[in-house]
Colleague: 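This is the structure, below, for whatever I ask next.
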Amino acid sequence: MPPEPQTPPQSLEAAQQQHRSEAAPRWTQRLHGLGPVIGLALLCIAGTLLNGDFATLDNAMNVLTRTAFIGIIAVGMCFVIISGGIDLSVGSMAALIAGSVIMFINWAGPASGSPLLAVVMGAVLAVVLGAVFGLAHGLLITKGRIEPFIVTLGTLGIFRAYLTYFADGGALTLDNELSDLYAPVYYASLAGIPVPVWVFVIVAIIGGVILNRTAYGRYVQAIGSNEQVARYAAVDVDRVKILTYVLLGVCVGIATLLYVPRLGSASPTTGLLWELEAIAAVIVGGTALKGGVGSITGTVVGAILLSVISNILNLTSIISVYLNAAVQGFVIIIVAFLQRGRR
Amino acid sequence: MTTFTRRIALTAVAAAAFASLPALAAEKVNLGVSIPAATHSFMGGINYWANQAKKDLEKEHKDLKITIKTAANAPEQANQLQDLSTVTKINALVVFPFESAALTKPVAQVKAKGAYVTVVDRGLTDTSAQDAYVAGDNTAFGKIPAEYIVKQLGGKGNVVALRGIATTLDNERMDAFNAVLKGSPDIKLLDAKYANWNRDDAFKVTQDYLTRFKNIDAIWAADDDMAVGVLKAIEQAKRDDIKIIFGGAGAKGMVKTIMDGKDKRITADVSYSPKFIYDAIKLTAEARLKGEKLPATTIIPSVLITKENAKDFYHPNSPF
């Protein structure tokens, strides 16, 4: 047990609190929860020292905008992981949705005569496709009783293979005029903050509210802690689990509808390894891979942390480019160490 | 154990070399083609041109049969080579190896069974496992853009570069690029970072270059896919200091831009067409049909693509 502060308790409440926290002092617990935040703060200080341009508003916005895709997916992934599941297919799913949306908009633009309508319908299609893919995962996992790892490993291959097939091994590209119309969704700003960042913030807030303030959120955590007990407590485990995958699918859809206007194209390399980045963001953010506990705030910080690392590496050349991945690895492990719980 | 198997392999290779010396003319050619699956645009192009070669050549020659296998990774390619050799019973092979080291032995085994082997693009670590080698010119791939950039900037300016994935091929290109810049001390290469031949990574790396360097005259994107990401990042940052963006490989979109003069920053490219797989298959098939051999090394030259010759490099039907 770490030493207690020497100053006497200032109020009765504080005294009680000290009393209550016998097993593990509260401040260390809080420190663990703050691990990712501390890591991020240290990284930002390091970044500023290495290159003054790091601390500019433009760079901060670049990093946050970039993080938006992985961040939004990570919010959905957080639910799946807390419920004790996993989804390895999100990168491939994003790629397939991006490809499908591009093909659809290219077709609907001339066919409907209204490019704007085509783009709007394309964006809706992204979310619908995500929900449908998520539903398929959920049904296979709960009703089909196949391990989530296997189901999503299977669809990881399926989704990407279909994109490659549709793209004929090359790239699917949005027609120029339609691409210009769609571009503001990624490139425009509202009140100085890029649209993707707004969406990221909104998704994170909604995610946080669902997880912490609704019965559904409680069920997700209960199932992740102990599925059998949740079942005895009359929680409709299957429905809750299916919904987590649908939620994740919707998040992937939202991330993709923001992603498509960035380059206006999808290729077989689109979304490669996003699943690992999203899972890493969730775990670095303090969620237990075995499920039960987790936080959306941590996940958001985790996602930002991951992209800040590569941003700093790009802004400096003190480390050999061959070692970039190693730096990323070291930081992830150090942050995970800072936030390790009492598991 | 390794020395033992290596000795066996070497003996086998030597035996095969003797056995295949008297080339039999007018024999039916059963040609196997082993290439990586279409996981990115360039490989999409490789697949397209391999299938195109099969279509054209089988129509032209009655005695030729071509079997194409695509593999997702090196072990799978090794298995497919075994299948081609034992099940399809090929007597000639054109292989685009996933990796040099891992596929040297599997290719040597195919050769040991008497097939004529042409290796494409990535050389094997033991060249005795191949009869012929056909490749693009990676040195020119780095040299041509460097010379073009130096000339266009009048020997003075700031350059940033993107790199692909850490491979010997990428190193050759970068070394050639650096070698040219050495001759022009007023051209400064500010940095060169990996963007994995990927549009998204190129976008991010370029964004950070633009944050870091306030004045950039030229960007060597080193690949046409990466150039797409570079362009978008510049567009977003609304920077107008960049005068030259140089891609590489000659993707159809890029060639079209040069042909139409659509973007004054993109006026040239360097060819490194996936069509070399077509050439390799054609050369091998036709040589074997006549019972001839190919020269040990054939380099398909990389040349500068400008507005004048762009139409020769424009293949609208290819996915690349």
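Chain A is the first sequence line, chain B the second, and so forth, proteins listed ahead of strands; every chain is numbered from 1. Because only heavy atoms are used, hydrogens play no part in the values below, and waters and symmetry mates are left out as well, while side chains stay in.
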Colleague: Does A/L50 reach the side chain of A/L315, with side-chain heavy atoms less than 4.5 Å apart?
Modeller: no
Colleague: Decide if the gap between the ring center of A/Y259 and the ring center of A/Y186 is smaller than 6.0 angstrom.
Modeller: no
Colleague: With a 4.5 Å cut-off on side-chain heavy atoms, are B/I300 and B/K275 touching?
Modeller: no
Colleague: Name the member of B/L190, B/N196, B/N198, B/D225 that forms the most heavy-atom pairs with chain A at distances under 4.5 Å.
Modeller: B/N198
Colleague: Does a donor on one side chain and an acceptor on the other come within less than 3.5 Å for B/S34 and B/Q77?
Modeller: yes
Colleague: Among B/R199, B/R163, B/K204, which residue has the highest count of heavy-atom pairs closer than 4.5 Å to chain A?
Modeller: B/K204
Colleague: Does any heavy atom of chain B fall under 4.5 Å from the side chain of A/D58, the backbone, both, or neither of them?
Modeller: neither
Colleague: Determine, stepwise, if the pair A/N59 / A/D53 fulfils side-chain hydrogen bond (donor to acceptor under 3.5 Å, both in side chains).
Modeller: CA-CA 7 Å; A/N59 189 54; A/D53 288 323; over 6 Å; no
Colleague: Counting only heavy atoms closer than 4.5 Å, note whether B/A72 contacts chain A via side chain, backbone, both or neither.
Modeller: neither
Colleague: Give the member of B/E235, B/M43, B/Q207 that has the highest number of heavy-atom pairs under 4.5 Å with chain A.
Modeller: B/Q207
Colleague: Answer yes or no for B/R173 and B/Y272: cation-pi contact, defined as NZ/CZ to six-membered ring centre under 6.0 Å and angle to ring axis within 45°.
Modeller: yes
Colleague: Minimum heavy-atom separation for A/A95 and A/T270, please, with both atom names.
Modeller: CB-O, 3.3 Å
Colleague: Which bit of A/T269 comes within less than 4.5 Å of chain B, counting heavy atoms only: side chain, backbone, both or neither?
Modeller: both
Colleague: Sort B/D191 into side chain, backbone, both or neither according to what part of it lies under 4.5 angstrom from a heavy atom of chain A.
Modeller: side chain
Colleague: So for A/R160, is it side chain, backbone, both, or neither that comes closer than 4.5 Å to the heavy atoms of chain B?
Modeller: neither
Colleague: Does B/D224 come within less than 4.0 Å of B/K252, counting only side-chain N to carboxylate O?
Modeller: no
Colleague: Should B/D260 and B/K256 be marked as a salt bridge (Lys or Arg N to Asp or Glu O under 4.0 Å) after you check the CA-CA gap, both sets of side-chain angles, and the distance that decides it?
Modeller: CA-CA 6 Å; B/D260 300 348; B/K256 186 94 170 60; 2.8 Å; yes
Colleague: Under a 4.5 Å heavy-atom cut-off, does chain B meet the side chain of A/L163, its backbone, both or neither?
Modeller: neither
Colleague: Which atoms of A/F54 come close to chain B, meaning under 4.5 Å heavy atom to heavy atom: side chain ones, backbone ones, both, or neither?
Modeller: neither
Colleague: Report which part of B/K214 has an atom under 4.5 Å of a heavy atom belonging to chain A: side chain, backbone, both, or neither.
Modeller: side chain
Colleague: Quick check on A/T65 against chain B: is it the side chain, the backbone, both or neither that has a heavy atom closer than 4.5 Å?
Modeller: neither
Colleague: For A/T316, which atoms come within 4.5 Å of any heavy atom of chain B: side chain, backbone, both, or neither?
Modeller: backbone
